[in-house]
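Throughout, numbering of the chain's residues begins at 1 and tracks the sequence.
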Amino acid sequence: MKQRVLVIQPAFIGDAILTTGLVETLCDGGYEVDLLIRAGNESLFAEHPRLGRLLIWEKRERKYRNWWILLRRIRAERYDLVVNTHRFLTSGLWTALSGAPLRFGFRQNPLWYACTYVAEHTIGDGSLEVERNLRLIAPLGLAPRLAPKLYPRASDYACAQALAKPFVTIAPASVWFTKRYPAARWAELIAKIPAHVGVHLLGSAADAELCGTIARGSGRECTNQAGRLPLLSSAAVMAQAQMNYVNDSSPLHLASAMNAPVTAFFLSTAPILGFGPLSDERFLREPVRALSCRPCGPTGKRACPLGHFKCSEILAEP
């Protein structure tokens, strides 16, 4: 009988995607894997051929009531192993109270001492996040899969096939202001793309206004797909693109999971933090001058701490 593993990662979309290399490694090793994620990310794993159950944490309403419901379910499943890639108290409690005989987690989690095996999660030493995740399962002796992987459905690929080729995609948004390449510079970049190449702007419904502003500012015809495509459909579209232009945000990791060509703009963050692109064809765009204040943190910020936002000064070149 296969041993049953629960992998915990209830953070953002990009974090969930970067956990899939660990999931693939466990599946290759003959384990039966369930995945715990936050509500909103479940569409990434629709009809996933290798995963067992998805456990969904609804955090927006009755967050802690839903947390308790999930704890009861975790305990009822009687997992052989819990692997916690999250570094916060809520997930540490799930791990500690899971009842699993083996519990793997990062030392940076407040309840690390409740784990039977602990790995280090050090940001800034040049290691990739996918490598840091794989450290958690080092005791299992499995052949590691670094690359994240997603499985779009036939309907998702149909969305991509319906688009006239050739085309590129632009994913201009980010939750964090200091990760967001300015709209005017995106428009300048689009204007330099050859006229025979289509341009599709990707994002959520909340990004539609930004994408529309960029399209109008570019002075050329673009298709605003923001809010029109599910995540897996966006991934399938990116896989068919000549190039995908992204910030240091979740679309970057969608491209990596599809091994799609990608050009990533890093503003306040930097690739040394471990969240850079993993596609075979990848390019980095960084500020035109070295800045002593960069990176200003492992995640973005709502405003430049120093007020100048000089890290946004990156050449708008395709």
Side-chain angles (χ1 to χ4, degrees), residues 2-60 66-67 69-70 73-74 77 79 81-86 90-91 94-95 98 104 129-130 133-134 136-137 142 144-160 171 175 202-205 227-240 244 246 249-260 275 278-279:
K2 290 185 177 182
Q3 288 192 299
R4 301 186 63 228
V5 181
L6 174 65
V7 175
I8 298 176
Q9 180 44 275
F12 294 107
I13 292 172
D15 301 294
I17 295 171
L18 291 176
T19 301
T20 60
L22 182 149
V23 168
E24 293 288 321
T25 300
L26 288 166
C27 291
D28 288 349
Y31 291 86
E32 182 181 313
V33 183
D34 293 354
L35 180 62
L36 191 158
I37 53 176
R38 69 188 293 164
N41 292 350
E42 61 268 30
S43 64
L44 284 169
F45 304 102
E47 301 177 33
H48 193 292
R50 307 199 76 183
L51 279 173
R53 300 170 179 84
L54 283 180
L55 282 65
I56 313 299
W57 186 20
E58 176 52 74
K59 301 174 68 173
R60 290 164 294 191
N66 293 327
W67 184 95
I69 291 171
L70 279 177
R73 181 172 176 186
I74 291 167
E77 293 288 348
Y79 290 105
L81 166 63
V82 170
V83 181
N84 184 12
T85 66
H86 197 234
T90 49
S91 61
W94 277 326
T95 306
S98 65
F104 298 172
E129 179 70 359
V130 289
N133 285 337
L134 287 167
L136 287 171
I137 57 173
L142 303 176
R145 276 220 213 180
L146 278 181
K149 187 172 178 61
L150 293 173
Y151 294 87
R153 301 153 297 184
S155 59
D156 298 309
Y157 284 110
C159 292
V175 172
L202 304 180
S204 68
R228 298 180 181 178
L229 297 175
L231 282 171
L232 282 181
S233 295
S234 293
V237 167
M238 295 176 86
Q240 299 294 317
N244 300 283
V246 301
S249 194
S250 56
L252 183 160
H253 307 304
L254 281 176
S256 292
M258 300 303 296
N259 198 24
F275 299 93
L278 300 170
S279 301

Indicate yes or no: at least one non-hydrogen side-chain atom of Val33 is less than 4.5 angstrom from one of Arg50. no

If we only count heavy atoms from C-beta on, is the Leu252 to Phe275 side-chain gap below 4.5 Å?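 The answer is no, as the side chains (C-beta and beyond) never meet within the 4.5 Å cut-off.
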
Taking atom [atom1] of [X] and atom [atom2] of [Y], what is their separation to the nearest 0.5 Å?
X      : Y      : atom1 : atom2 : value
Ile37  : Ile13  : CD1   : CD1   : 10.0 Å
Leu35  : Glu42  : CG    : CD    : 11.0 Å
Leu36  : Arg73  : CG    : CZ    : 9.0 Å
Leu142 : Leu26  : CG    : CG    : 6.5 Å
Leu254 : Asn244 : CG    : CG    : 9.5 Å
Ser98  : Leu70  : OG    : CG    : 13.0 Å

Whether the side chain of [X] engages the backbone of [Y] through a donor-acceptor N/O pair (distance < 3.5 Å, no angle test) should be reported.
X      : Y      : result
Gln240 : Met238 : no
Thr20  : Lys149 : yes
Arg145 : Asp28  : no
Asn41  : Ala11  : yes
Glu58  : Arg60  : yes

Determine the minimum heavy-atom distance between [X] and [Y], stating which atoms define it.
X      : Y      : value
Arg4   : Glu77  : NH1-O, 2.7 Å
Ser250 : Ile17  : O-CD1, 4.3 Å
His86  : Ser91  : ND1-OG, 2.9 Å
Tyr31  : Gln3   : CE2-OE1, 3.4 Å
Tyr79  : Ile74  : CD1-O, 3.8 Å
Ser43  : Leu231 : OG-CD1, 3.7 Å

Could you label the plane-to-plane angle of the Trp94 and Trp57 rings as parallel, tilted or perpendicular, counting under 30° as parallel and over 60° as perpendicular?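 Answer is perpendicular, since the angle exceeds 60°.
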
Is it the case that over 12 heavy atoms from other parts of the model lie below 6.0 angstrom from the CZ atom of Phe12?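 No, because the 6.0 Å sphere around CZ of Phe12 holds 12 heavy atoms or fewer from other groups.
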
Check step by step if side-chain contact (heavy atoms from CB on, under 4.5 Å) holds for Leu278 and Leu146. CA-CA 9 Å; Leu278 300 170; Leu146 278 181; over 6 Å; no

Applying side-chain hydrogen bond (donor to acceptor under 3.5 Å, both in side chains), run through Asn133 and Thr85 and close with a yes or a no. CA-CA 6 Å; Asn133 285 337; Thr85 66; 4.7 Å; no

